[in-house]
2 protein chains.
Amino acid sequence: MKNWRNYLGMVGVVTGSMTFVPQVYQAWVTKSVGDLSIWMILILLVNVSIWLVYGITGKDKPMILANLIIMALSLAMLYFKLTF
Amino acid sequence: MKNWRNYLGMVGVVTGSMTFVPQVYQAWVTKSVGDLSIWMILILLVNVSIWLVYGITGKDKPMILANLIIMALSLAMLYFKLTF
């Protein structure tokens, strides 16, 4: 049960890291971001910063890596939102 | 340090639950979802399902609640994406 749950958590970290890849890709290709909420992006950045600190203070490497990836994708979305 | 980190996790759960509220609101008001990636929404649904099972099997009530909220918001985004 413990191993099964750890494995599930790993899959969660991987899918979580992937979540915003298609959104960043679509925004990049279409150069169209009008329907993206700036507040979603800003709250996402706050949230991912919190989980990054949480991961760092807990020495949780998969969590740190996942949140660094989501932070990079969030910053890309913010940049697209402000410039397109 | 332990208490401080628990408190940070609580703030993370709250901001995580709020992340997609402005996006759902904007989609609802504008009826415009063309710039939202369907793949972001689908991967988000898979990811939130994984963390929901993770939370349930770990009897982690804040995690269960946060993921139920994000799941409801994701389903709203999916519904808007498919019908607007």
Side-chain angles (χ1 to χ4, degrees), chain A residues 1-60 63 66-67 70 73-74 77 80-81 84, chain B residues 1-60 63 66-67 70 73-74 77 80-81 84:
Chain A
M1 176 64 180
K2 191 75 165 49
N3 274 347
W4 174 85
R5 194 164 175 268
N6 282 346
Y7 178 73
L8 190 70
M10 292 283 283
V11 179
V13 163
V14 172
T15 55
S17 306
M18 286 165 50
T19 304
F20 297 99
V21 172
Q23 183 62 68
V24 167
Y25 177 77
Q26 180 172 329
W28 172 251
V29 170
T30 62
K31 314 284 184 214
S32 178
V33 291
D35 297 337
L36 285 184
S37 164
I38 181 86
W39 287 105
M40 175 191 74
I41 299 169
L42 293 176
I43 298 174
L44 183 62
L45 269 171
V46 171
N47 188 48
V48 88
S49 305
I50 290 168
W51 290 124
L52 185 60
V53 174
Y54 193 88
I56 290 168
T57 52
K59 295 187 174 63
D60 187 330
M63 192 173 198
N67 280 289
I70 300 171
L73 293 166
S74 307
M77 281 193 283
F80 293 164
K81 182 71 188 175
F84 286 165
Chain B
M1 176 65 181
K2 190 76 165 50
N3 275 346
W4 175 85
R5 195 164 174 267
N6 283 345
Y7 177 73
L8 190 71
M10 292 283 283
V11 180
V13 163
V14 172
T15 55
S17 306
M18 286 164 50
T19 305
F20 297 99
V21 172
Q23 183 61 68
V24 167
Y25 177 77
Q26 179 171 329
W28 171 252
V29 170
T30 62
K31 313 287 184 211
S32 177
V33 292
D35 297 336
L36 285 184
S37 163
I38 182 86
W39 287 105
M40 175 191 74
I41 299 169
L42 292 176
I43 298 174
L44 184 62
L45 269 170
V46 170
N47 188 47
V48 88
S49 304
I50 288 168
W51 290 123
L52 186 60
V53 174
Y54 193 88
I56 290 168
T57 52
K59 295 187 174 62
D60 186 329
M63 192 174 197
N67 281 288
I70 301 171
L73 294 166
S74 307
M77 281 193 283
F80 293 164
K81 182 70 188 174
F84 287 164

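Excluded from the calculations below are hydrogen atoms, water molecules and symmetry mates; all remaining heavy atoms, backbone and side chain alike, are included. Order of the sequence lines sets the chain letters (A, B, ...), proteins ahead of strands, with each chain counted from 1. Note that this is a predicted model, so its numbers are computed, not measured.
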Inter-residue atom distance Phe84(B).CZ - Asp35(A).CG, 0.5 Å rounding: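 Between atom CZ of Phe84(B) and atom CG of Asp35(A) there are 11.0 Å.
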
Distance in Å, Ile56(B) CD1 paired with Arg5(A) CZ, rounded so as to fall on 0.5 Å steps: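 Result: 10.5 Å between the selected atoms.
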
Below 4.5 Å from any heavy atom of chain A, which atoms of [X] appear? Answer side chain, backbone, both or neither.
{"X": "Gln23(B)", "result": "both"}
{"X": "Val33(B)", "result": "backbone"}
{"X": "Trp39(B)", "result": "both"}
{"X": "Val48(B)", "result": "neither"}

Closest approach of Gln26(A) to Gly34(B) (non-hydrogen atoms, all atoms of both residues):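 Reported closest heavy-atom pair: NE2-O, 3.0 Å.
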
Nearest non-hydrogen partners of Thr15(A) and Ile50(B), listed with the distance: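 In terms of heavy atoms, the two residues are closest at OG1-CD1, 3.8 Å.
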
Pick from Trp51(B), Tyr54(B), Tyr25(B) with the largest number of heavy-atom pairs that fall under 4.5 Å of chain A: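 Most pairs with chain A among the choices: Tyr54(B).
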
Passing option when Thr19(A) is tested against Val46(B), Ile43(B), Leu45(B) for side chain to side chain contact (heavy atoms under 4.5 Å, CB included):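 Passing option: Ile43(B).
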
Lys59(B) atom NZ, neighbour heavy-atom count above 12 within 6.0 Å: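 Not buried by this count: 12 neighbours or fewer within 6.0 Å.
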
Engaged part of Val13(A) at the chain B interface, taking heavy atoms whose separation is under 4.5 Å: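 Its backbone and side chain both get close to chain B.
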
